[in-house]
Amino acid sequence: MKLNIAVLPGDGIGPEVTAQAVKTLKAIAMEFNHIFTFDYGLIGASAIDKTGNPLPEETIGICEKADAILFGAIGKTSYDLDPNAKIRPEQGLLGLRKTLDLYANIRPVIAYDDLLNKSSLKKNQIKDTNILIYRELTSGIYFGEKTLSDDGNTASDICTYTRAEIERITHLAFKAAQSRKHKLTLVDKANVLESSRLWRRVVQELAPQYPDVKLNYMYIDNAAMALIINPKQFDVILTENMFGDILSEEASVIVGSIGLLASASIGENHAMFEPIHGAYTKAANKGIANPIASILSAAMLLDHFGLDDEAALIREAVDKSLKLHITTPDLNTKYDNISTTKVGDFIEDFIQNPDETNLNFTNIHLGQSTII
Ligand code: IPM
Ligand code: MG
């Protein structure tokens, strides 16, 4: 298959982790005889530094003509500390999601057996957790009208949803539940918010089209607790933009590190794949950023094009790296010298040589030749 992939490394640890995902995709292309080409674009703080614009026209063009987009991370501390900044790195990512109409953000949360003891939660509570979060990504409070009074003392962000916006992601979430454990939980705040009541109404109306899916509802405050106490009760979670942002980051505690959570952002005509973590500026250029979320996002990219064996091989490589403690320091208690690049090298080697016996793991740790 020929795929033209737009690569937007972005800020902070984005470039480091994205480089590992690109390396992984190149290894897959070699092994499976695909042609993947990569077109790089600027976004976020690094784009502001170079062009004054967090989402340059050129970047939009690269993304529009690509088959898929691989996104790194966005954000910079100096902007976080300045609430008055008019131009912000995040506008790049939000603008791109909106421009390309990437309305469904899909975030898998899977507890790996090898990492159960890395979570601050109890092992038996999280073992076998496998949740798929469907987060609406192009509407709600993120994109509603924003106001600030002239005296600067009153501000508002409006949360608006239309039936059409709710319907399209709801269908995707129901379909996902049909291919899994047939359970869908709508997370909202329908006891307080009118927009949540619309979500409930629309989802209820669509439910009869999916009679094999058991639908239930949960308020966001309760869901935030339930996710930590008993995550196994969830199969597919459907929720609006901001609740999904918060819940998915909370869910990373189950998995052991936010550096493991991948996502796909899907629209009718475009698809983008991005780790759920941010730019983590403090860790940039230190070689300590976990590339797994980015690498697993690349696997989701392959899923999107039906390249199932290819995606499975990446996941197998990731599982193996976790089993052998070839992981960055956020997860590692065994070795202290495994860098972002070394994790990427291991995954690349595994893809080229999945037969375990051919891999010289010790040398990988030492950063020497990797294949014997
Ligand atoms: C995410 C991030 C973004 C969001 C930020 C960087 C704008 O937190 O993708 O979860 O809030 O959507
Ligand atoms: Mg977030």
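In this text the structure is predicted, and so the values were computed from the model without any measurement. Order of appearance sets the numbers: ligands from 1, and atoms from 1 within every ligand.
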How far is [atom] from the closest protein heavy atom, and which atom is that?
| atom | result |
| --- | --- |
| atom 1 (C) of ligand 1 | R107 NH2, 3.4 Å |
| atom 6 (C) of ligand 1 | I74 CG2, 3.8 Å |
| atom 7 (C) of ligand 1 | E90 CG, 3.8 Å |
| atom 4 (C) of ligand 1 | Y142 OH, 3.4 Å |

If you measure from atom 2 (C) of ligand 1 to every heavy atom of D11, I258, D245, which option wins on shortest distance?
D245
Closest to atom 9 (O) of ligand 1 by heavy-atom distance, out of R88, E249, Q91, R97, is R97
How would you list all residue pairs meeting salt bridge (Lys or Arg N to Asp or Glu O under 4.0 Å) that involve residues 80-100, not counting sequence neighbours?
R97-E274
Mark up the atoms of ligand 1 that fall under 4.0 Å of a heavy atom belonging to R135, in ascending order.
1 (C), 4 (C), 9 (O), 10 (O), 11 (O), 12 (O)
Around K123, counting heavy atoms of other residues, nucleotides and ligands shown, do more than 12 lie under 6.0 Å from its NZ?
no
Over 60° means perpendicular and under 30° means parallel, so classify the ring planes of H325 and Y335, tilted if in between.
perpendicular
Single-linkage hydrophobic cluster, 4.5 Å side-chain cutoff, L93 and V17 together:
no
Exercise: identify the closest heavy-atom pair between I133 and A251
CD1-CB, 4.4 Å
Are any side-chain N or O atoms of S179 and backbone N or O atoms of A176, one a donor and one an acceptor, separated by less than 3.5 Å?
yes
Could a heavy atom of H277 be found less than 4.0 Å from some atom of ligand 1?
no
Please name the atom of D245, limited to N, O or S, that comes nearest to the Mg ion (ligand 2).
OD1
Shared-cluster residues of L148, by chain and number - hydrophobic side chains joined below 4.5 Å
none
